[in-house]
Amino acid sequence: MAAPMELSCWGGGWGLPSVHTESLIVMAYARFSGAPLRMSAVDHSWSAPQGDVPVLISEDAVIAQPAKILNYLRKQKYNADYELSAKQGADTLAYIALLEEKLLPAILHTFWVEAENYCSVTKPWYASRIPFPLRLYLPGKMSRKALNRILLMRGEPPLYRLNDVEAQIYRDAKECLNLLSNRLGTSQFFFGNTPTTLDAFVFGFLAPLYKVHFPKVQLQEHLKQLHNLCRFCDDILSGYFRLSVTDG
């Protein structure tokens with residue numbers, strides 16, 4: 001029998017098993033590959049000030065970061081990509097890089113920097129799941145970290161200020177969503193009828209953007225016009241997380 005493994009991750013809401021992109025990536029891959037992970041939500045007991053989740057804990061290792069966790073699961077023979085060709089493997093890496101370069105900055109901005117979204121949705125949700133007194137300052141720290149990450153990724157000279165890069169961030173994100181929609185087409189998953197690593201990453205990026213109820217929704221509105229991407233998220237939620245989803 002396989003040794004038990006535990007995944008510490010942010011909890012769920014809005015019909016999602018987690019509202020956190022990196023946690024969702026690992027959770028989806030585990031479901032796709034059949035890895036026996038026990039999910040441990042960090043809600044109400046979380047004390048790691050750097051927010052290093054998801055974290056996989058097994059008998060012989062403690063691993064953070066989705067790519068490293070997925071590599072570990074593959075070494076344990078839980079591989080969602082065993083049927084992929086070399087070209088499909090290369091395509092997977094290219095699309096993951098595209099997500100991180102073009103879509104991630106806009107997602108960070110939507111959740112953590114857009115003032116109305118942050119104040120009415122993101123901050124209250126995270127604060128309600130962080131113990132006192134960390135809840136008084138940790139969401140703000142996470143917001144500043146997201147802003148710094150955006151500027152580090154996109155603030156090339158002379159675009160040092162957020163308002164200089166904001167419009168470009170959203171243009172790039174919408175272009176990325178269009179590319180994903182065109183690539184998926186009418187297929188169930190990105191490489192046919194079986195989900196792979198790429199599907200886990202796309203789901204992790206798109207599902208929070210699709211499901212969380214924001215007051216400012218410009219990127220969310222664009223995603224909802226791409227019906228095949230919305231169907232993709234709904235199919236994964238209903239097919240792989242139906243029994244574990246809790247609403248926020």
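- Atoms CZ and CG, on Phe205 and Leu180 in that order, are 10.0 Å from each other to the nearest 0.5 Å.
- For the pair Phe203 and Cys233, the tightest heavy-atom approach, listed with the atom from each and the gap, is CE1-O, 3.8 Å.
- Considering CZ of Arg149 and CG of Leu151, their distance stands at 12.5 Å, rounded to 0.5 Å.
- With hydrogens and angles disregarded, no donor-acceptor distance shorter than 3.5 Å links the side chain of Thr196 to the backbone of Asp81.
- If you take CG on Leu219 and SG on Cys176, they are separated by 9.5 Å, rounding to the nearest 0.5 Å.
- Note that CE of Met5 is 9.0 Å distant from CD1 of Ile63, once rounded to the nearest 0.5 Å.
- Taking the centre of each ring, Tyr126 and Trp112 come in below the 6.0 Å mark.
- Looking at Val217 and Thr110, their side chains never come closer than 4.5 Å, going by heavy atoms from C-beta outward.
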(request) Please assess Gln220 against Lys224 for the test side-chain contact (heavy atoms from CB on, under 4.5 Å), listing each intermediate value before the final yes or no. (result) CA-CA 6 Å; Gln220 189 176 66; Lys224 288 184 176 180; 3.9 Å; yes
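- The backbone N or O of Val165 sits nowhere less than 3.5 Å from a side-chain atom of Gln168 that would complete a donor-acceptor pair.
- Without hydrogens or angle criteria, Tyr29 side chain to Tyr78 main chain gives a donor-acceptor distance under 3.5 Å.
- Inter-residue side-chain proximity for Pro54 and His20 is flagged as met; some heavy-atom pair is nearer than 4.5 Å.
- Here the closest non-hydrogen pair linking Val26 and Pro66 is CG2-CA, 3.8 Å.
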(message) Assess the residue pair Leu237 and Tyr210 against the criterion (side-chain contact (heavy atoms from CB on, under 4.5 Å)); give the C-alpha distance rounded to whole Å, side-chain angles, the decisive distance to 0.1 Å, and a yes or no.
(response) CA-CA 12 Å; Leu237 286 169; Tyr210 174 40; 5.6 Å; no
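- The six-membered or imidazole ring of Phe190 lies near that of Phe232, with a centre-to-centre distance under 6.0 Å.
- Using a 4.5 Å cut-off between side-chain heavy atoms of Ile, Leu, Val, Met, Phe, Trp and Tyr, with links allowed through other members, Val55 and Leu73 fall into different hydrophobic clusters.
- Side chains of Arg74 and Asn71: a donor on one and an acceptor on the other come within 3.5 Å.
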(message) Using side-chain contact (heavy atoms from CB on, under 4.5 Å), reason through His222 and Leu177 one step at a time and then give a plain yes or no.
(response) CA-CA 8 Å; His222 187 80; Leu177 291 175; 3.9 Å; yes
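- Listed here is the closest heavy atom pair of Ser8 and Ile57: OG-CD1, 4.3 Å.
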(message) Is there a salt bridge (Lys or Arg N to Asp or Glu O under 4.0 Å) between Arg31 and Asp199? Walk through the geometry before answering.
(response) CA-CA 11 Å; Arg31 294 295 173 94; Asp199 298 285; over 6 Å; no
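- Residues passing the side-chain hydrogen bond (donor to acceptor under 3.5 Å, both in side chains) test with Asn193: none are found, sequence neighbours excluded.
- For the pair Phe201 and Thr197, the minimum side-chain heavy-atom distance is below 4.5 Å.
- Leu223 is not listed as a side-chain neighbour of Lys174, based on a closest heavy-atom distance of 4.5 Å or more.
- If you look at Tyr240 and Phe32, their ring centroids are closer than 6.0 Å.
- Residue Leu103 holds its CG atom at 11.5 Å from CD1 of Ile169, rounded to the nearest 0.5 Å.
- With hydrophobic clusters built from ILVMFWY side chains whose heavy atoms lie under 4.5 angstrom apart, Leu93 does not share a cluster with Leu198.
- The shortest heavy-atom contact between Ser85 and Gln88 is N-OE1, 2.9 Å.
- In terms of modelled atom types and a separation under 3.5 Å, the side chain of Arg135 and the main chain of Pro124 share no donor-acceptor contact.
- Looking at Ser143, its side chain never comes within 3.5 Å of a backbone N or O of Pro139 through a donor-acceptor pair.
- Under a 3.5 Å cut-off, the side chain of Ser120 and the backbone N or O of Glu116 do form a donor-acceptor pair.
- For the pair Leu24 and Ala207, the tightest heavy-atom approach, listed with the atom from each and the gap, is CD1-CB, 4.0 Å.
- For the 3.5 Å distance criterion, the side chains of Tyr72 and Ser58 qualify, holding a donor opposite an acceptor.
- At most 12 heavy atoms of other shown residues, nucleotides or ligands fall within 6.0 angstrom of atom NZ in Lys123.
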(request) Please test Arg38 against Leu7 for side-chain contact (heavy atoms from CB on, under 4.5 Å), starting from the C-alpha separation and ending with a verdict. (result) CA-CA 6 Å; Arg38 185 169 70 88; Leu7 184 73; over 6 Å; no
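- Within the structure, no pair that satisfies the side-chain hydrogen bond (donor to acceptor under 3.5 Å, both in side chains) test touches residues 96-106, not counting sequence neighbours.
- Here the side chains of Met39 and Leu37 are in contact, with some heavy-atom distance below 4.5 Å.
- Ring centers of His109 and Tyr170: under 6.0 Å apart, within the cut-off.
- In this structure, Glu114 CD and Gln218 CD are separated by 8.0 Å, a value rounded to the nearest 0.5 Å.
- Counting heavy atoms from C-beta on, the side chains of Phe189 and Ile236 come closer than 4.5 Å.
- In this structure, Leu56 and Glu6 have side chains that are not in contact, with every pair of non-hydrogen atoms separated by 4.5 Å or more.
- You'll find the ring centres of Phe111 and Phe214 inside the 6.0 Å limit.
- Between Ser33 and Ala80, the shortest heavy-atom distance links the atoms CB-N, 4.0 Å.
- Pro208 places a side-chain heavy atom less than 4.5 Å from the side chain of Thr21.
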